[in-house]
Each structure stands twice: as structure tokens, then as C-alpha cells.
S.K.: 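Take a look at this one; I'll ask things after.
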Amino acid sequence: MKAHQLKLYNTLSRQKEDFAPINPPFVGMYVCGPTVYGDAHLGHGRPAITFDTVNRYLTHLGYRVRYVRNITDVGHLTGDADEGEDKIAKKAKLEQLEPMEVAQQYTDTYHRDMALLNTWKPSIEPRATGHIPEQIALVEAILNEGLAYVVNGSVYFDVLAYNQRYTYGKLSGRVLDELMTGSRDLDGQGEKRNAVDFALWKNASSEHLMKWPSPWGLGFPGWHLECTAMSSKYLGTQFDIHGGGMDLLFPHHECEIAQGNACNHQDPAKYWMHNNMITINGQKMGKSLGNFITLQELFTGKHPLLEQAYSPMTIRYFILTAQYRSTLDFSNEALRAAQKGYKKIINGLRIARSMDFTANAEIALDDEQVQQVEASITAAYRAMDDDFNTAMAIGHLFNLLKKINSIFTGQLQSASLGEEVFSKMLATYITFVEEILGLVEEKGEVQDGLLDLLLSQYSEAKTARNYAKVDEIRLGLKSMGFVVKDMKDRIDWAYEE
RNA sequence: GGUCGCGUGGCCGAGUGGCUAGGCAGAGGUCUGCAAAACCUCGUACAGCGGUUCGAAUCCGCUCGCGACCUCCA
């Protein structure tokens with residue numbers, strides 16, 4: 001394989017940088033996973049698919065990726081950081097379940113949805129509740145550094161003290177002075193010395209459901225701390241890539257950097273990657289706005305905003321058609337277009353898998369065709385090398401697909417490309433679609449054998465010029481989601497777009 | 001109010017100094033019993049106004065519009 005200089009946009013430097021792993025060929029990647037107190041929505045799909053694609057492409061390039069994605073099952077509070085309830089515990093009270101039942105239930109549905117989206121499982125999927133001792137140890141380390149303080153059984157990170165030795169706000173571009181004066185609301189500051197301080201460990205009230213003993217009494221860990229605990233445990237105190245949604249950039253990731261520096265005197269991650277939001281009517285889709293559509297609702301079409309159901313692969317394709325750092329606007333029209341585009345790609349995949357090179361000494365190499373194919377192959381890789389530009393890569397795959405379809409229908413001869421280029425074209429197309437972009441066929445209920453039988457009857461009826469029967473079979477197949485492709489020398493089927 | 005980002009043809013969405021993105025929708029054509037699929041051709045788009053430049057959607061400035069973060073959100 002030719003050398004790839006992969007570039008990725010590092011939020012820390014606000015520019016694209018050459019990717020150089022700390023310890024090649026190994027790559028450590030940590031991505032913030034879900035807080036499991038509700039079904040995953042379209043917004044959860046984006047980072048899952050984005051970083052799955054990063055994982056896939058890095059793996060394709062020969063890197064050995066350790067992909068860690070956590071499950072947050074404690075510590076994530078609603079509303080104000082001091083006064084809010086634990087999200088899981090709140091849901092548990094509402095549904096009269098154990099908190100861990102809630103966490104289990106939504107962890108399961110998350111896994112189900114992620115599998116449907118054909119994302120690779122993380123190498124390690126740690127849970128916050130499984131890492132309480134690690135989190136307590138981190139709190140102690142930060143206290144020992146003099147960068148945290150204890151109040152009434154809670155421990156807070158002392159951002160001002162930290163900022164004297166390090167720079168707080170370097171990831172989000174925030175200046176501490178402005179944060180101090182720009183705080184909109186100083187109420188609810190409670191025990192904290194400063195509004196910018198954040199909880200490392202929280203004292204648990206008597207009615208609190210999830211709590212653990214600690215040197216400071218019964219309590220539970222702060223949200224930001226879990227990621228530091230789990231990432232450093234499984235990837236080391238400094239690893240290559242930290243990913244997550246842009247909405248986590250501040251304060252969550254900023255706090256992770258502060259915690260990492262406080263404990264280990266170095267930034268936890270070399271590259272910070274952030275996917276942008278999915279919007280709906282131009283506004284961010286999110287829990288707080290209540291304008292989210294869950295993945296299950298998309299798959300079943302059961303939501304007032306949905307005109308139809310959209311399959312998991314349609315959703316995956318939809319997300320991949322936008323660069324991950326751009327916002328992506330949801331609409332039925334856009335999803336319908338994605339559905340058609342996906343089916344076109346997949347029909348091409350079926351064809352590409354079945355095609356063989358046909359040698360023909362009478363057909364000369366067509367330099368222009370060869371050049372076009374090679375340019376598209378190169379460009380597809382260049383797009384991925386340029387900060388995982390899947391949208392652009394897909395554009396070039398469509399260019400390859402035109403050649404593939406032309407050869408399949410006999411409008412172009414494989415011999416005019418030459419065997420080497422022809423094979424490279426098919427291999428590139430198949431590799432990109434299946435392996436890198438993770439787009440796979442969604443099998444319908446119809447068995448291949450039945451399909452073949454119907455097509456052979458179709459063929460017979462056609463030879464007999466029994467057009468009534470031909471039309472009948474055609475309609476029948478259409479109702480099952482397939483279309484017949486009549487070509488000069490044979491008949492094939494495709495997924496209906 | 002502070003910080004950051006965006007505004008591309010009917011729709012979605014790449015592109016960041018000169019070179020056709022692509023998909024969907026639409027028009028015409030080839031093929032076909034008719035279709036479909038596939039392929040070919042067609043849109044001369046870059047919020048507005050100025051500026052820099054031989055040349056700008058792409059750089060700079062201003063204006064307008066939209067959004068994100070600053071509080072839990074992927």
C-alpha cells in the first residue's frame with residue numbers, strides 16, 4: 001500500500017495536523033459514550049458512526065487501534081451541576097427500578113442500535129460504576145497536588161489554583177477571567193469557591209440511591225472524572241485520540257484536560273476530535289430541547305415528524321454524506337435522498353462482487369477511462385486522508401460506480417481498462433463501501449433462491465413474449481422491494497430505490 | 001453580554017485562490033414489447049456590499065441572517 005499521510009483536525013490547535021501516533025503502529029482512542037438513561041437518538045448515532053469510521057480507516061491503514069468507549073451509568077446530573085439529580089437515579093425513581101436496571105436496559109438498547117448501524121464494538125467498554133476506586137484514587141492525587149478542596153464531604157477541583165500552573169480553557173479557547181466575569185448565573189454556586197470549579201466527588205444525601213464509601217464519606221463521582229479514570233486506566237496517561245460531540249468540548253473535555261494535567265502533568269490526549277451536531281429545523285437535536293428522534297423511531301417510522309421509516313444503513317449513509325465537523329440537518333427529504341443513494345451504492349456492491357474481467361485482445365486500452373478510474377481511486381483515499389472526509393470519498397465512489405455499472409451493462413468493456421486497473425477499481429469500491437464506510441446489504445425477507453426462481457420464470461415468459469406474465473412478475477417483485485434489470489444478454493435484479 | 005462557527009444551484013451536501021464534487025429532484029436522449037435499471041447530455045450556484053489579486057465561492061473588512069458553547073445534552 002502506498003504511503004498515506006493522514007491529516008486530522010485537532011481541536012486543540014484548531015488546525016489539521018499530520019497524524020503521528022505516540023507509539024505506532026498502536027493507536028489509542030477514547031470516545032465519550034452515552035449516559036444510559038434513555039434510548040439513543042439520532043444525535044448519538046453521529047459520534048458512534050464518525051468514530052467507528054475513524055476506527056475502521058485507521059485499521060485499514062494498518063494501525064492497531066484500541067478503541068475505548070465508556071458507558072456513563074452514574075454521576076451525570078441534570079440541570080445545575082450542584083443541585084441536579086443524577087439522571088439515572090431520576091429515571092429509576094420514575095420507573096420504580098433499581099438504577100442499575102435502568103442502566104442495563106438502556107445499555108442493551110444502545111448496543112442493539114449500534115449493532116444495527118454496523119458499528120464495530122469498542123475494544124473496551126468500561127462503566128463508570130465499575131471504576132469507583134480508580135476515581136477515588138484520582139481525587140486523592142489531585143488533592144495531593146493542592147488542586148482540589150474538600151467541603152462537607154464533597155471534593156471540588158480548584159480551577160484558579162490549577163490555572164496558576166497550567167492553562168485552563170486551552171481546548172475551548174476560553175479565558176478564565178472571562179469565564180469568571182461572564183458567568184450568567186452565580187446562584188447555586190453553593191459550596192464551590194468559584195463558579196468555574198467543578199465537582200470531583202459529591203457527597204450523597206440520605207435519599208441518594210447510588211453511593212459509595214470514600215475518604216470523604218458516602219458519595220459518588222463527578223461526571224468529568226470518570227473519563228479521566230477510564231481513559232488513563234486502559235490507554236495510559238497520554239493516548240492518541242480523544243473523540244466526542246462538540247457539545248462536550250466545554251466543560252467536559254476541558255475538565256478532562258485539567259484533571260489529566262493535575263494528576264499526570266501532561267495532556268491526556270494528543271489529538272482531540274469533535275463531531276458536530278445534527279440539527280432539526282436548524283436547531284440542535286438534543287434532550288434538553290426535546291426535539292430528538294430516537295434511532296428506533298427512525299427505524300420504525302413511528303414519530304410524528306417522520307413520513308416513513310428509514311433503515312439503519314440509510315441513517316449511516318446519511319451521516320457519512322456530511323463531513324463530521326459540519327452540522328447536518330435532518331429532514332425527510334434529505335433522508336429519502338440518502339435512502340436512494342445508499343441503495344445505489346449497495347446495488348453497485350452486489351454487481352462489483354460478481355464481476356469478472358473479460359479479456360479481449362481486440363479492445364485497446366482506453367487511456368481516458370483508465371485515467372479517470374485511477375484518479376477516482378486516488379481521490380477517494382485522499383479524501384479519507386484529509387480528516388476523514390467521507391462525503392468527498394463517497395462522491396468519488398459514485399464516479400467509480402458509473403464505470404462499474406457501465407461495464408456490467410456492457411456499455412463499457414472491462415478490457416478497455418486492463419485487468420490491473422479493473423481489479424483495482426473493484427477492490428477499491430468494495431473495500432470502501434464495506435470495510436471503511438461500513439455500508440452493508442440489508443437483506444430483505446426474500447430468499448435468494450426464490451428471487452432466482454422468479455427471475456428465471458420472468459426470463460422464460462419474456463422469451464415466449466408472454467408480456468402479461470412478464471409484467472405480473474415485475475409488479476410482484478416490485479412489491480417486495482426489487483426491480484428487474486433487463487440487459488441485452490441477461491437479467492438481474494436490484495434493490496428498488 | 002463573551003467565545004466560536006456557519007450562510008453554496010429546487011433540496012441535501014463537498015470544496016477554501018485559477019482545474020466537472022457527488023447524491024436527490026427535474027428536462028432531453030440511448031436501450032426496451034412497454035417500462036425499469038444503467039449510461040450520456042443539460043443547471044453556469046456560492047447571503048449582501050466593498051477591498052486585495054492578473055484571477056475569489058475560496059483571502060481581508062463591513063452589513064444582514066442563522067446556529068453552537070458559556071448550565072445537563074452526542
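The figures that follow rest on heavy atoms only: side chains count, while hydrogens, waters and symmetry mates do not. The chains referred to below are lettered A, B, ... by the order of the sequence lines, with proteins before strands, and numbering in each begins at 1.
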S.K.: Considering only heavy atoms from C-beta outward, does the side chain of A:R325 approach that of A:D387 to under 4.5 Å?
M.R.: yes
S.K.: May I ask you to establish whether A:R174 and A:F250 are in a cation-pi arrangement, using a distance under 6.0 Å from NZ or CZ to the six-membered ring centre and at most 45° from the ring axis?
M.R.: yes
S.K.: Less than 4.5 Å apart, any side-chain heavy atom of A:L454 and any of A:W493?
M.R.: no
S.K.: Parallel, tilted or perpendicular for A:F432 and A:Y381, by the 30°/60° rule?
M.R.: perpendicular
S.K.: Any idea which of B:rG13, B:rA74, B:rA38 is nearest the A:P47 side chain?
M.R.: B:rA74
S.K.: Determine the Euclidean distance between corresponding C1' atoms of B:rA45 and B:rU20; express it in Å to zero decimal places.
M.R.: 14 Å
S.K.: Could you check how far OH of A:Y324 sits from P of B:rA68, rounded to whole Å?
M.R.: 21 Å
S.K.: Between B:rG13, B:rA74, B:rG15, which nucleotide has the shortest distance from any of its atoms to the side chain of A:M392?
M.R.: B:rG15
S.K.: Of the nucleotides B:rG13, B:rA21, B:rC24, which has the atom closest to the A:A322 side chain?
M.R.: B:rG13
S.K.: From CH2 of A:W272 over to C1' of B:rC4, roughly how many Å is that when rounded to an integer?
M.R.: 18 Å
S.K.: Counting Watson-Crick and G-U wobble pairs only, both distances under 3.5 Å, name the nucleotide matched with B:rU53, or none.
M.R.: none
S.K.: Quick one: A:D247 CG to B:rG67 C1', roughly how many Å, whole number?
M.R.: 13 Å
S.K.: If you measure from the P atom in B:rG67 to the same atom in B:rU8, how many Å do you get, rounded?
M.R.: 14 Å
S.K.: Please state how far atom CD in A:Q372 lies from atom C1' in B:rC39, giving the value in whole angstrom units.
M.R.: 13 Å
S.K.: Quick one: the side chain of A:D471 and the base of B:rG33, do they pair up donor-acceptor inside 3.5 Å?
M.R.: yes
S.K.: Can you tell if the side chain of A:H253 reaches within under 4.5 Å of the side chain of A:T11, non-hydrogen atoms only?
M.R.: no
S.K.: Side chain of A:P251: nearest nucleotide among B:rA38, B:rG13, B:rC72?
M.R.: B:rC72
S.K.: Looking only at side-chain N and O atoms, does A:K284 come under 4.0 Å of OP1 or OP2 in B:rC69?
M.R.: yes
S.K.: Does A:H41 reach a base, just sugar-phosphate, or nothing at all? Heavy atoms under 4.0 Å.
M.R.: base
S.K.: What about A:R474, does its side chain sit under 3.5 Å from the base of B:rC34 through a donor-acceptor pair?
M.R.: yes
S.K.: Using whole Å, report how far CZ of A:F482 lies from C1' of B:rA35.
M.R.: 19 Å
S.K.: When rounded to the nearest Å, what value does the distance between P atoms of B:rG28 and B:rA37 take?
M.R.: 15 Å
S.K.: Can you tell me how far P in B:rG9 sits from the matching atom in B:rA21, rounded to whole Å?
M.R.: 14 Å
S.K.: Mind checking A:G282 for me? I need base, sugar-phosphate or nothing, with any heavy atom below 4.0 Å counting as a touch.
M.R.: sugar-phosphate
S.K.: Could you measure between the two C1' atoms, the one in B:rC19 and the one in B:rA25, and give it in whole Å?
M.R.: 28 Å
S.K.: May I ask you to say what A:S326 touches in the nucleic acid, namely base, sugar-phosphate or nothing, with a heavy-atom cut-off under 4.0 Å?
M.R.: sugar-phosphate
S.K.: What is the distance, rounded to the nearest whole Å, between atom CZ of A:F408 and atom P of B:rA38?
M.R.: 11 Å
S.K.: What nucleotide, of B:rA14, B:rG23, B:rA25, holds the atom closest to the side chain of A:K340?
M.R.: B:rA25
S.K.: Would you indicate what A:E333 reaches in the nucleic acid, counting non-hydrogen atoms under 4.0 angstrom: base, sugar-phosphate, or nothing?
M.R.: sugar-phosphate
S.K.: For B:rC69, give the paired nucleotide (Watson-Crick: N1-N3 plus N6-O4 or O6-N4; G-U: N1-O2 and O6-N3; both under 3.5 Å), or none.
M.R.: B:rG2
S.K.: Check whether any side-chain nitrogen or oxygen of A:K403 sits under 4.0 Å from OP1 or OP2 of B:rA38, and answer yes or no.
M.R.: no
S.K.: Can you tell me how far C1' in B:rC60 sits from the matching atom in B:rC69, rounded to whole Å?
M.R.: 26 Å
S.K.: Please give the distance between the C1' atoms of B:rG10 and B:rU16 as a whole number of Å.
M.R.: 26 Å
S.K.: Please tell me which of the listed nucleotides, B:rA35, B:rC72, B:rA38, lies nearest to the side chain of A:Y458?
M.R.: B:rA35
S.K.: Categorize A:V175 for me: base, sugar-phosphate, or nothing, with a 4.0 angstrom heavy-atom threshold over every strand shown.
M.R.: nothing
S.K.: Quick one: which of B:rA36, B:rC24, B:rC70 gets closest to the side chain of A:R174?
M.R.: B:rC70
S.K.: What's the gap between B:rA14 and B:rG7 when it is taken at their P atoms, as a whole Å value?
M.R.: 9 Å
S.K.: Anything under 30° is parallel, anything over 60° is perpendicular, the rest tilted; go ahead and classify A:Y168 against A:Y162.
M.R.: perpendicular
S.K.: Considering heavy-atom distances to RNA chain B, does A:F250 or A:M285 have its closest nucleotide positioned more toward the 5' end?
M.R.: A:F250
S.K.: Give a yes/no verdict on a cation-pi contact between A:K462 and A:Y467, requiring under 6.0 Å between NZ or CZ and the six-membered ring centre and an angle within 45° of the axis.
M.R.: no
S.K.: Taking a pair as Watson-Crick or G-U wobble with both distances under 3.5 Å, which nucleotide is matched to B:rA25?
M.R.: none
S.K.: Between B:rG23 atom P and A:I345 atom CD1, what is the distance in whole Å?
M.R.: 9 Å
S.K.: What's A:N276 touching, base or sugar-phosphate or nothing? Going by heavy atoms closer than 4.0 Å.
M.R.: base
S.K.: Answer with base, sugar-phosphate or nothing: what part of the nucleic acid does A:L328 contact at a heavy-atom distance below 4.0 Å?
M.R.: sugar-phosphate
S.K.: When you get a sec, tell me which of B:rA36, B:rC24, B:rG33 is the closest nucleotide to the side chain of A:K462?
M.R.: B:rG33
S.K.: Does B:rA47 pair with anything, Watson-Crick or G-U wobble, both distances under 3.5 Å, and if so, with which nucleotide?
M.R.: B:rU63
S.K.: My understanding is that a pair needs two contacts under 3.5 Å, Watson-Crick or G-U wobble. By that rule, which nucleotide pairs with B:rA14?
M.R.: none
S.K.: Rounded off to whole Å, could you give me the CG-to-P distance for the A:N405 and B:rA37 pair?
M.R.: 12 Å
S.K.: Using the closest heavy atom to pick a nucleotide of RNA chain B for each, name whichever of A:S406 or A:Y467 lands nearer the 5' end.
M.R.: A:Y467
S.K.: Could you please name the partner base of B:rU32, counting Watson-Crick and G-U wobble pairs only when both distances are under 3.5 Å?
M.R.: none
S.K.: Base, sugar-phosphate or nothing for A:M246? Non-hydrogen atoms, less than 4.0 Å.
M.R.: nothing
S.K.: Using a heavy-atom cut-off of under 4.0 Å over every strand shown, decide if A:K344 touches base, sugar-phosphate, or nothing.
M.R.: sugar-phosphate
S.K.: Parallel under 30°, tilted from 30 to 60°, perpendicular over 60°: which one fits the rings of A:F198 and A:H224?
M.R.: perpendicular
S.K.: When you measure from the centre of the six-membered ring of A:F408, is the NZ or CZ of A:R490 closer than 6.0 Å and no more than 45° off the axis?
M.R.: yes
